[in-house]
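Labels below follow one simple rule: chain letters A, B, ... track the order of the sequence lines, proteins then strands, and each chain is numbered from 1.
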Number of protein chains: 2
Amino acid sequence: MGKRERLVASASELIHRNGVATTTLAAVAQAADVPPGNVYYYFKTKNELVSAVLASWAAQFEAMLDTLADADTPQARLKTLVRSWDEMRELVAQHGCPIGSLAAELDKADGDLDREAARVLEMVVGWAEGQFAQLGRSDARELAATLVAAVQGAALLSSAFRDAELMRSQVRRIERWIDSID
Amino acid sequence: MGKRERLVASASELIHRNGVATTTLAAVAQAADVPPGNVYYYFKTKNELVSAVLASWAAQFEAMLDTLADADTPQARLKTLVRSWDEMRELVAQHGCPIGSLAAELDKADGDLDREAARVLEMVVGWAEGQFAQLGRSDARELAATLVAAVQGAALLSSAFRDAELMRSQVRRIERWIDSID
DNA sequence: GTCTATAAGGCGATAGAC
DNA sequence: GTCTATCGCCTTATAGAC
């Protein structure tokens, strides 16, 4: 793994754990085993590094879409997506949803990183909307928002209460809700 | 309004808008019209100020509970609570739910402010649980988590997409869900 | 092309003046 | 009891050495 790649991976993890504001470039460099201060050779500013982290989450979501293509029905695909938050529930209970908590923090920062974070969330909502549309629902957009909001809200409560089981039970509930839709 | 009170009010607003990490004590002092650096006379540390902000949110929620006592049924009380996020949807679309986004940020900070934030959220979930219990539901805790998660998730998406209507339509949806419970 | 030394600025916090 | 001047630290970013 190249140095630039290692920096993005380290930044992703540290930002998920500590947030953008608290994560220093020195800490990212150390975690990535790169000389401190040298980060600027790969990224002109800290924001550019955060931008690369967001792009990495977007890529990870697109990779997941390939896995999802295996499932035959929209319902099965939606449930597989939702289950991915359950699978990482211990991590979610500790630091929240990586994308959701990052989007929430960047919303309060100035600059336009918040728009990039919104675009990643839009990928998820937009894909879910497509699945509901395949089910013939004219309110597909609202259903997609409901789905993603349920996941994000559960992740927020799960991390606030440090309760991984809350994430689990809410994901199960969302799965039943998906099954109830025709 | 005394200086201490003004400081807490200014801190609440600035933290909601910019987050804890980015909000400086100098900015809080200026907004509260208090000499800069003088904040330390009223609060020994920055964390103590944030703690006072959390206590102020807790007090505001308890004040709302008095209003809620007017409603006759658990359903009516729950819907009135949920509608309060709809009423401040323009603010939510800009900076998210004040309590939810604060809890999310503090979760990533060290110290035990995150536990205080969790306690405020627990007040809300615990109260909702009581309402569902009055409806005779044995799964009252899970229903309460579902309710608060739906609100918090909607607030997160609403602010990420800067879409106040998303908050509105999701609140309406939650109201219909409350009505469907017996 | 890769890395290091250092600068510039801003922050929370303190000590002590009024 | 109230406020001000200032310290010391940390962080991003740059200039220039290897």
**Student:** Using a cut-off of less than 4.0 Å, is there contact between a side-chain N or O of A:Tyr41 and OP1 or OP2 of C:dT2?
**Tutor:** yes
**Student:** Does D:dC3 have OP1 or OP2 under 4.0 Å away from a side-chain N or O of B:Tyr42?
**Tutor:** yes
**Student:** Reckon B:Phe43 touches a base, only the sugar-phosphate, or nothing at all at heavy-atom distances under 4.0 Å?
**Tutor:** nothing
**Student:** Name the residue closer to the 5' end of DNA chain D, choosing between A:Thr24 and B:Val39 according to the nucleotide with the nearest heavy atom.
**Tutor:** B:Val39
**Student:** Give a yes or no on whether B:Asp112 atom CG has more than 12 heavy-atom contacts from other residues, nucleotides or ligands under 6.0 Å away.
**Tutor:** no
**Student:** Hydrophobic clustering (ILVMFWY, side-chain heavy atoms < 4.5 Å, transitive) - are B:Leu121 and A:Met167 grouped together?
**Tutor:** no
**Student:** Which whole-number value in Å describes the distance from A:Leu49 CG to D:dT12 P?
**Tutor:** 10 Å
**Student:** Side chains of B:Asp86 and B:Glu175: closer than 4.5 Å at any heavy-atom pair?
**Tutor:** no
**Student:** Would you call A:Arg162 and B:Asp114 a salt bridge, using N to O less than 4.0 angstrom?
**Tutor:** yes
**Student:** Could you give the CG-to-P distance, from B:Leu7 to C:dG12, as a whole number of Å?
**Tutor:** 13 Å
**Student:** According to a strict under-4.0 Å criterion, is A:Lys3 in side-chain N/O contact with OP1 or OP2 of C:dT2?
**Tutor:** no
**Student:** Does A:Thr22 reach a base, just sugar-phosphate, or nothing at all? Heavy atoms under 4.0 Å.
**Tutor:** nothing
